[in-house]
Amino acid sequence: MMDHVSYIYDNFKRPVNSLRLQVNAICNYNCMFCHMEGTDRNLSYMTPDEIERVVRVAASFGVSRIKITGGEPLLRHDIIDIIKRIKRHVDDISMTTNGVMLHKLAYELKDAGLKRINISMHALNDNDYLKITGNTRNFRPDVIDGIKSAHLAGLEPVKVNFVVLKGINDDKINDMMDFCLENDAVLQLIEYEAPRNMENSYEYIKYHVDLRNINDDLMKKSIEYKKNTLHNRPVYSIPWKDGIVRVEVVMPMHNSDFCMHCTRLRVTADGKFKTCLLRDNDYFDIKSFDDDYLRDLYIKAVKNRIPYWR
Ligand SMILES: Nc1nc2c(ncn2[C@@H]2O[C@H](COP(=O)(O)OP(=O)(O)OP(=O)(O)O)[C@@H](O)[C@H]2O)c(=O)[nH]1
Ligand code: SF4
Ligand code: SF4
C-alpha cells in the first residue's frame, strides 16, 4: 500500500484519487436506462493480471479507491481473484451490482477484500421491476437476499441505488425510505442520466425527473447534511418512522458542481483509460502493460480530463 503519494491533477485542478474499473460489458439485465459506463457492450476483458498492473500503477499515483463496475461484475467467474489482486494495492474497494448473484458470493467477496457495495433496486413491486430491468424472469427476491447477505458478510455501508423514473417509480420514494430503514441501507436516489448525445431521445424526455425539488425537500427534512467528496453529492440523515434513513442524491445532469468534483479516471473492460462517462472520443488504449508505458499513459489520460458540464 502506498502512503503519502501525490495525486496527479488535471488542468481543471481536479485530483484523481480513484479508478472506476469496468470489469466486463455484459449483463443478465437490460435496464431501460443502462449507459454501460459509456462503452459498447460485449467488450473483450483484461485478465486479472492486467487489471492488477493498471491498479498498481494508479496506486503509485495516490489512487486509494477502486469502484468495480460492469456490465454486471459478478458475472466474471474470476471476480474473487480480481478483488484479491486489487487489494494488494488499494484498501477502499467497492462494487456496483444488480445484486442477483450477491447472496451466493457476499462472504467470498468480503474475504477477498471488498469493503462496501451498491445494489440496484429500482422498484418494490414485481411488474415495475421487470419493466425497468427488461427481464421476464423475476430476480427481485434474490436481490433482497443479496442485500441481507451483504450486511451479514460485513460489506458496509450497503447502498441501494434507485434511478427515479417519471410515471414509473417517482411516487415510490417514501416506500423506498421504508425499505431502506428496514434493511439498514443508504438510499441513493439517482437522476436518470441520458447516454451520450441522447438528451433529446423520446425515452429520456418521457422518464427524466429533475431531482432538485426532491433534493430541496430532503434538505428541509434532514437533521444532518454531509457531502460525499466524490461529485459533492449531498447525503442527508432523515428522521423516518422510528429511525433515521440516510439518503444520497446523485444529480449528474447539467450540473457543473458534480463534474468539478469528479475525481476518478475510468478504465474500460477491454483496457483503455477513459476520461469521462459522457465523452466518446476520450479513450487511451493500454497497448502494453509495461509499468513505464502505463505510467506515461495514465498521466496523459489524467491531463486530458475535462469536466463535461461547465
Ligand atoms: N455523469 C456521471 N455519473 C456518474 C458518475 N459516477 C456515477 N454516476 C452516476 O451515479 C450512479 C451511481 O453510481 P455508483 O456506481 O452506484 O456509485 P459511485 O458513483 O461509485 O459512488 P459511491 O456510492 O460513493 O460508491 C451511476 O449509475 C451513474 O448514473 C460519473 O462519474 N459521471
Ligand atoms: S444492471 Fe446495470 S449493467 Fe445491467 S443492464 Fe442494468 S444498468 Fe446496465
Ligand atoms: S466529468 Fe462529469 S460527466 Fe464526465 S465522468 Fe466526470 S462527473 Fe461524469
Side-chain angles (χ1 to χ4, degrees), residues 10 12 14 16-39 41-42 65-75 92-102 114-122 129 132-135 139 143 155-164 185-196 199 208 211 226-233 235 246-266 269 273-280 282 302 304-310:
D10 63 25
F12 297 83
R14 300 178 304 169
V16 169
N17 58 24
S18 69
L19 286 187
R20 192 168 175 96
L21 180 71
Q22 185 193 38
V23 294
N24 62 12
I26 55 166
C27 191
N28 43 354
Y29 276 4
N30 189 20
C31 298
M32 49 195 285
F33 44 71
C34 182
H35 51 53
M36 203 44 88
E37 303 296 342
T39 71
R41 286 180 181 253
N42 303 317
R65 295 165 82 178
I66 304 285
K67 166 67 77 184
I68 298 173
T69 68
E72 172 47 47
L74 295 182
L75 289 177
D92 186 347
I93 310 173
S94 64
M95 178 184 285
T96 301
T97 171
N98 63 28
V100 174
M101 294 161 71
L102 186 58
L114 191 71
K115 188 170 168 193
R116 58 195 178 87
I117 197 143
N118 295 10
I119 303 164
S120 304
M121 251 251 318
H122 311 290
Y129 188 78
I132 293 167
T133 56
N135 251 356
F139 291 106
V143 178
L155 292 167
E156 300 292 350
V158 173
K159 285 191 186 179
V160 171
N161 278 357
F162 184 85
V163 176
V164 183
V186 178
L187 175 60
Q188 183 148 262
L189 297 178
I190 301 170
E191 186 173 347
Y192 180 10
E193 192 162 10
R196 56 186 183 233
E199 263 181 85
H208 175 253
L211 293 190
K226 289 189 177 156
K227 291 260 183 174
N228 182 344
T229 51
L230 173 68
H231 302 137
N232 234 9
R233 304 176 190 173
V235 187
R246 272 189 299 154
V247 184
E248 182 160 344
V249 188
V250 182
M251 294 181 285
M253 295 302 292
H254 302 276
N255 184 349
S256 54
D257 191 48
F258 192 88
C259 290
M260 277 317 291
H261 292 83
C262 175
T263 50
R264 58 189 172 194
L265 188 63
R266 293 165 171 269
F273 289 121
K274 178 167 170 54
T275 65
C276 173
L277 171 67
L278 297 177
R279 293 182 193 278
D280 54 7
D282 66 330
V302 172
N304 270 276
R305 279 168 27 98
I306 300 174
Y308 189 79
W309 305 109
R310 283 188 280 164

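Computed from a predicted structure; not experimentally measured. Sequence positions, counted from 1, serve as the residue numbers for this chain. Start at 1 and go down the list; that is how both ligands and their atoms are numbered.
Counting heavy atoms closer than 4.0 Å to ligand 1, residue F258 contributes side-chain atoms (C-beta onward) but none from N, CA, C or O. Residue-level proximity to ligand 2 for C31 is carried by backbone and side chain together, each with a heavy atom below 4.0 angstrom.
Remark: minimum distance from atom 30 (C) of ligand 1 to any protein heavy atom is reached at R266 NH2, 3.2 Å. The closest protein non-hydrogen atom to atom 22 (P) of ligand 1 is K159 NZ, 3.5 Å. The nearest protein atom to atom 10 (O) of ligand 1, hydrogens excluded, is given as V250 CG1, 3.5 Å; this is a heavy-atom distance. Nearest non-hydrogen protein atom to atom 27 (O) of ligand 1 is H35 NE2, 3.8 Å. When hydrogens are left out, the protein atom nearest atom 7 (C) of ligand 1 is R264 NH2, 3.3 Å; that is the closest non-hydrogen contact. In terms of protein heavy-atom proximity, atom 29 (O) of ligand 1 is nearest to E193 OE1, 2.8 Å. At the top of the distance list for atom 19 (O) of ligand 1, counting protein heavy atoms only, stands R233 NH2, 2.3 Å. Of the protein's non-hydrogen atoms, the one nearest atom 11 (C) of ligand 1 is I190 CD1, 3.7 Å.
Residue S18 holds its OG atom at 13.0 Å from CD1 of I93, rounded to the nearest 0.5 Å.
Considering backbone and side-chain N/O of R116, one or more are found under 3.5 Å from N/O of ligand 1. Backbone and side-chain nitrogen or oxygen atoms of N161 are examined, and one is located within less than 3.5 angstrom of a nitrogen or oxygen of ligand 1.
Here H231 does not reach atom 6 (Fe) of ligand 3: none of its N/O/S atoms is less than 2.8 Å from the metal.
Within ligand 3, counting atoms from 1 as listed, the ones closer than 4.0 Å to a heavy atom of C276 are 1 (S), 3 (S), 4 (Fe), 5 (S).
Looking at K67 and T96, their side chains do bring a donor and an acceptor atom within 3.5 Å of each other. A donor-acceptor pair shorter than 3.5 Å can be found between the side chains of N28 and N98.
N30 places no side-chain N or O within donor-acceptor distance of the main-chain N or O of G134, the cut-off being under 3.5 Å.
Aromatic ring pairs are classed by plane angle as parallel below 30°, tilted from 30° to 60° and perpendicular above 60°; the pair Y192 and F33 is perpendicular. Using a 30° and 60° split on the angle between ring planes, Y29 and F139 fall in the tilted class, from 30° to 60°.
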